[in-house]
Amino acid sequence: MSANNVHDMSADAYDSYIESMRKEQYPMLRETLYLDHAGTTPYSKRLMDRFHAEMMGSLFGNPHSVSPSSQRSTQMIEDTRLQLLSFCGADPDDFDVVFTANSTAAIKLVMEAFREQDAGFWYGYHVDSHTSLVGVRGAATMHRCFESDSEVESWIGGQDAAYHEAHHLFAYPAQSNMTGRRLPLDWCSRLRQEDSRRRTYTLLDAAAYASTTPLNLSDTDTAPDFTVLSLYKIFGFPDLGALIVRKECASLFRKRSYFGGGTVDMVVCLKEQWHAPKSGALHEQLEDGTLPIHSIIALNAAIKTQLELFGTLERVSRHTAYLAARMRQGLAELKHGNGKRIASIYGSPTLEHDDGNTLGPIIAFNLRDSRSNWVSNTEVEKLASVKGIHLRTGGLCNPGGIAHALGLSPWEMRENFSAGHRCGSENDIMNGKPTGVIRVSLGATSTISDVDRFLDFVKQFFVEEYPRPSPSVPAACQTQRRFHIESLTVYPIKSCAGWQIPYGNSWEVREEGLAWDREWCIVHQGTGKALSQKQHPRMALMRPHLDFAAGLLHITAPSAVESISVPLSKDPRCFEKRDFAQRDASVCGEIVQSQTYTSSTIAEYLTKALGIPCTLARLPATSTQSASVRHSKAHLPHSGGTGTDAAPRILLSNESPILTISRSSLNRLNEQIKAKGGKAAHPAVFRANILLAESPLSPPGQEQPWAEDQWRGMRIDRTDGAVMEFLGGCRRCQMVCIDQRSGEKNQEPFVTLAKTRRFDGRVLFGVHTALATGSEGGSLRIAAGDFVEIFT
């Protein structure tokens, strides 16, 4: 079957065609559920083969020349320009297209033109706008955010005459990148017709809309003045944007002060300072410097390939509209065992009116548990990642849409920001409200099976047939149970393998955690960001060894015969001259001042081992530099038992000084995994410092898995009453799926934890721990084999 007769196919037949074609043309989608087409859509094998053949078969030179290769590039660029205009139904007599890096760059070109006007400009934008549209207000003399469609309608019908001397620009998205809601395209023509006193220009953000729906600019009178596109959202490749301009608006760009190579006919720099802009087509005046020649050649191949594989965008639009309606309907029908709906869908009208005219193939929603509590979007994304599902969560660069959908007032958003919320942070439920949404977006390669697979995923992991209990509330009276420390482990280098403390060896515990735990990290040489196993699983195979006799930390890379070593001492005299420097490092989103090693030997060793330019950095314990002080996360309670009301200090750990897990709980978890045919989880995957087990003197069969949900603290026998407090459950992520002995990724144990250990939307295993009281100096000593008393 081919795409030549797709117009005649039924919906089911077209879906079957896409399923079959996808196997050959989109091999990267095998075993993957890709639901982020609004970010970018995948590129086909045929497109890449065609582009490769074009590049290998011809020589393309810089178009700013007259050589044969340069003229070939120029011809190809102009042919592609016409192809793109035709693809959008735009008459080249009335429109011109300017190639840009992306849609944001296209928006900036329009902003720059208006900013250069003598009286500045007034700017209006719709609340559903992408951040790139919102940002134009920073250059405007006056600006206004329209908070609803009705507000825009009222404004169009009765515009006031204020600031009539300034140019006016009104911008809005053809389709919300957050909810898929489609806004009226006739606003452009109505503004042109009804604005009799002054000219209001229109800027249409069609990046999300045009990814699956044909953009028809055939009627010049009703078309926007400026239309921006993201071509990679339509074709997957190349990474280009475009600005389509009505030629009658070209005069707005004449006051543009900046010029670059290729946009001027003459430039004089000596004695006189003047230049003559290009007098030809508008794109010649705006495309500064050398065009991305090869990307435009790829665009030529992309347009041809799109038509061959999918027919027209009209067919893609009908297909994706059907899939989106199926997805929304499926989510709306999912209910918990007590009858409560699981999904809150945003921007959707009644399901009876769910069609391609009102909604694009983007669905934004949040999930609730059976008690109507919000499920953390971060937890959804973690589990989706483990199951091979690609989606997006968070604010989606749509601040107005998020605030409107979630009922977030400006003061609440300010409060959330002050409390530490940032784009992409895990603390995504604050003051009882989500701070973002889950977004799934469908594209030309999506199929019915994709929709059904995602609905099955939500049903399997988030629909509760029976309400899941919360961790038990501790009783008022204190009870004690006898445990012992089965093992102690430190992780000298963040995200690398652990080093088990020999049994019976007395080990110091400080406010920051166990001595030598997470003092070092491996940082990217360019950004200073601490690397993590989540992105670099081979870090699990980097073996640190604490050699106290030699006073060295030895580091052995996977399959390496030799190791590298650095002094354990913090005394600079132990280092060679200029062996490290004070530099900023980014750890879990926080900037700290670290000792970054400048040795080329260390950098080359680690870079070779991990395949990424990196080196070693250190945040020594007892650092006195204020820039290096980190504290346990704000959501973790603490008693202030270390002599201060501040949260406990931490070095390079994620959330708290120490992590403790229970042998009984680990055994129960592994029973659940093995009952489904899975492989038992090794304790190392949880990267705990302390592994507690019931005392050998306890009666047989007295194990109590998940008892740590009630624990408040523990007293170590050898420390004369010194106490460590438990700060709450540890929120797990997909990093527990990395085998710490092979570096391979699996689905367990996270999948089983997600089904059995989710509380208030968070998947918990193990408990955060900190020193509460101890000997002078705020430390104590413990050892594997020590008996402890647990109290609740």
Checking the side chain of [X] only, and the main-chain atoms of [Y] only, is there a donor and an acceptor separated by less than 3.5 Å?
| X | Y | result |
| --- | --- | --- |
| Asn366 | Gly436 | yes |
| Asn689 | Val490 | no |
| Asn377 | Thr393 | no |
| Thr615 | Tyr597 | yes |
| Tyr605 | Ala557 | yes |
| Glu512 | Leu651 | no |

Inset, instruction - Determine whether more than 12 heavy atoms belonging to other residues, nucleotides or ligands lie under 6.0 Å from atom NZ of Lys676. - result: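 Yes, the 6.0 Å shell around NZ holds more than 12 heavy atoms from other groups.
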
Legend entry - Residues, nucleotides or ligands: over 12 heavy atoms within 6.0 Å of Gln535 CD: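 It does: Gln535 CD has more than 12 such atoms within range.
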
Legend entry - Under the salt bridge (charged side-chain N to carboxylate O under 4.0 Å, His left out) test, residues paired with Lys745 that sit two or more places apart: none

Legend entry - The single option from Arg762, Arg731, Glu381, Arg758 passing side-chain hydrogen bond (donor to acceptor under 3.5 Å, both in side chains) against Ser376: Arg731

Inset, instruction - For the residue pair Phe457 and Phe461, categorise the inter-ring angle as parallel (less than 30°), tilted (30 to 60°) or perpendicular (more than 60°). - result: tilted

Inset, instruction - Any pair with a residue in residues 649-689 that passes ring pair (Phe, Tyr, Trp, His ring centres under 6.0 Å), sequence neighbours left out, goes on the list, sorted by first then second residue, please. - result: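 Those involving residues 649-689 are Phe686-Phe765.
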
Can you see whether [X] engages [Y] through a side-chain donor-acceptor pair at a distance of less than 3.5 angstrom?
| X | Y | result |
| --- | --- | --- |
| Lys534 | Gln734 | no |
| Gln500 | Ser487 | no |
| Thr660 | Glu708 | no |

All N/O donor-acceptor pairs, side-chain side in residues 544-554, below 3.5 Å, sequence neighbours left out:
from   : atom 1 : to     : atom 2 : distance (Å)
His545 : ND1    : Trp499 : NE1    : 3.0
Asp547 : OD1    : Ala549 : N      : 3.3
Asp547 : OD1    : Ala550 : N      : 3.1
Asp547 : OD2    : His554 : NE2    : 2.9
His554 : ND1    : Ser565 : OG     : 2.6

Inset, instruction - Would you please name every residue forming a side chain to side chain donor-acceptor pair (under 3.5 Å) with Arg543, sequence neighbours left out? - result: none

Legend entry - Salt-bridge criterion met for Asp786 and Arg781 (N-O under 4.0 Å): no

Legend entry - Contacts of Tyr491 that satisfy ring pair (Phe, Tyr, Trp, His ring centres under 6.0 Å) - sequence neighbours left out: none

Legend entry - Sequence neighbours excluded, every pair satisfying salt bridge (charged side-chain N to carboxylate O under 4.0 Å, His left out) that has a member inside residues 679-690: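 Listed once each, the pairs are Lys679-Asp739.
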
